[in-house]
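Notes for the one structure printed next.
Per chain, numbering begins at 1; letters A, B, ... match sequence-line order.
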2 protein chains.
Amino acid sequence: MAGNNGLSEKVHERGGRMTRQCRAVLDALASVDMHPTAAEVYEIVRETVPDISQGTVYRNLRRLVELGYAQELDYGPGASHFDASVESHCHARCTNCSKIIDLDIDSSLAPCLKEAQAAAKGWQISDQRIEFEGLCPECSEVNKSE
Amino acid sequence: MAGNNGLSEKVHERGGRMTRQCRAVLDALASVDMHPTAAEVYEIVRETVPDISQGTVYRNLRRLVELGYAQELDYGPGASHFDASVESHCHARCTNCSKIIDLDIDSSLAPCLKEAQAAAKGWQISDQRIEFEGLCPECSEVNKSE
DNA sequence: ACGCTAAATGATAACTGTTACTGATTATAA
DNA sequence: TTATAATCAGTAACAGTTATCATTTAGCGT
Ligand SMILES: [Mn+2]
Ligand SMILES: [Mn+2]
Ligand SMILES: [Zn+2]
Ligand SMILES: [Zn+2]
């Protein structure tokens, strides 16, 4: 399970060494479909590499981002979340439980955003981040009943 | 100068006490047109209240946000930025110098976003954050010449 | 105007997320 | 196999922020 999509080979191609720990971080991020924090990745990885250290998880996540195989979502307070899908896409974040989901709406937004970018005169825009925040279905249900 | 738009009265109405320090934080945020961090607000306030403590600045900024008279922008790494303008609007952030500017493009984006929100099925969306990131004119100029 | 009291303050400790350091391991190439 | 540089575990340091607590003070009743 959790095929890492050949990421280990890619990391290796870029001159990196493929250690047990690095592979475990890759696999953890690739196998989970949501948007784990470094601490959550650490917990997942500890199941297969019990004595890995938090620093190593941080180091490998950072490396993964630098190599362009993951993106870091540092919206909101608290910890960054990591996303194995690197193409730019929109998110919804729950203000109650911090859950993050993907929204596949880029095609409908693209033209508006192109136009909007023009407002930043003189800027060299390289990325955009569109995020909706509110209550996820579970949390809004709980809110309703109390 | 730096009329605080009656904010001190409003704070007072909500049961808060209007101290020298609180008023100074209000004035600082209202007088500055950009998006200062708590540390930057602290520096501004120290000019009029030299012995204010950082904790008090944080406390009053938080209160201001809770009362709905400011918003906190915690995109990106490092410190949060504070914004005296509370109506939802878009920002561009420089990845090099962390400068943040307002983009007045909500009118053109509104219809697309309305449509986009529908993709978050079952969610109770309460806010959206649209941010462009890249190099500001100054930083992209420097980049060009080196 | 004067005192009372809860709210707010200054100073500082604690806390969280993250990075830096250091000496020990270990993946890889020769 | 051996050499060596990358990576590791462990831990200290760091930045931003919040909590604690003894002291001050704003705003109210008198
Ligand atoms: Mn995503
Ligand atoms: Mn703004
Ligand atoms: Zn939720
Ligand atoms: Zn800049």
Phosphate OP1/OP2 of C:dT25 contacted by A:Gln21 side-chain N/O (<4.0 Å): no
Nearest-Å distance for atom pair CG/C1', residues A:Asp74 and C:dT18: 12 Å
Euclidean distance, atom CZ of residue A:Arg63 to atom P of D:dC8 [Å, nearest integer]: 6 Å
Protein-nucleotide distance (A:Arg23, atom CZ; D:dT7, atom P), rounded to Å: 14 Å
Note, A:Thr56 side chain near A:Thr19 side chain (heavy atom, < 4.5 Å): no
Touch class at under 4.0 angstrom, heavy-atom based, for B:Arg20 against every strand present: nothing
Phosphate contact (C:dT9 OP1 or OP2) by B:Thr19 side-chain N/O below 4.0 Å: yes
Rounded distance (Å) that lies between atom P of D:dT24 and atom CE of B:Met18: 22 Å
Phosphate OP1/OP2 of D:dT18 contacted by B:Arg59 side-chain N/O (<4.0 Å): no
Check: B:His91 ring centroid to B:His35 ring centroid under 6.0 Å: yes
Phosphate contact (C:dT18 OP1 or OP2) by A:Tyr58 side-chain N/O below 4.0 Å: yes
Integer-rounded Å distance: C:dA8 P and B:Leu26 CG: 12 Å
Out of C:dG17, C:dT9, D:dA9, whichever nucleotide has its closest atom nearest the side chain of A:Ser53: D:dA9
Closest to side chain of B:Thr56, choosing from C:dG10, C:dT18, D:dA9: C:dG10
Gap between atoms CD and C1', on A:Gln54 and C:dC15 respectively (whole Å): 14 Å
Nearest non-hydrogen partners of B:Thr37 and B:Phe82, listed with the distance: C-CD1, 4.4 Å
Closest to the B:Ser80 side chain, choosing from C:dA20, D:dT17, D:dC8: D:dT17
Atom-pair distance (CD1 on B:Ile52; P on D:dT24), nearest Å: 17 Å
Polar side-chain contact B:Arg17-C:dA6 base: donor and acceptor under 3.5 Å: yes
Working for disulfide bond (SG atoms under 2.5 Å apart), residues B:Cys112 and A:Cys112: CA-CA 7 Å; B:Cys112 320; A:Cys112 319; 1.9 Å; yes
Smallest separation among heavy atoms of A:Ala84 and A:Leu29, with atom names: CB-O, 3.6 Å
Distance in angstrom units between B:Arg62 CZ and C:dT9 P, rounded: 11 Å
Sugar-phosphate, base or nothing in reach of A:Thr37, heavy atoms under 4.0 Å: nothing
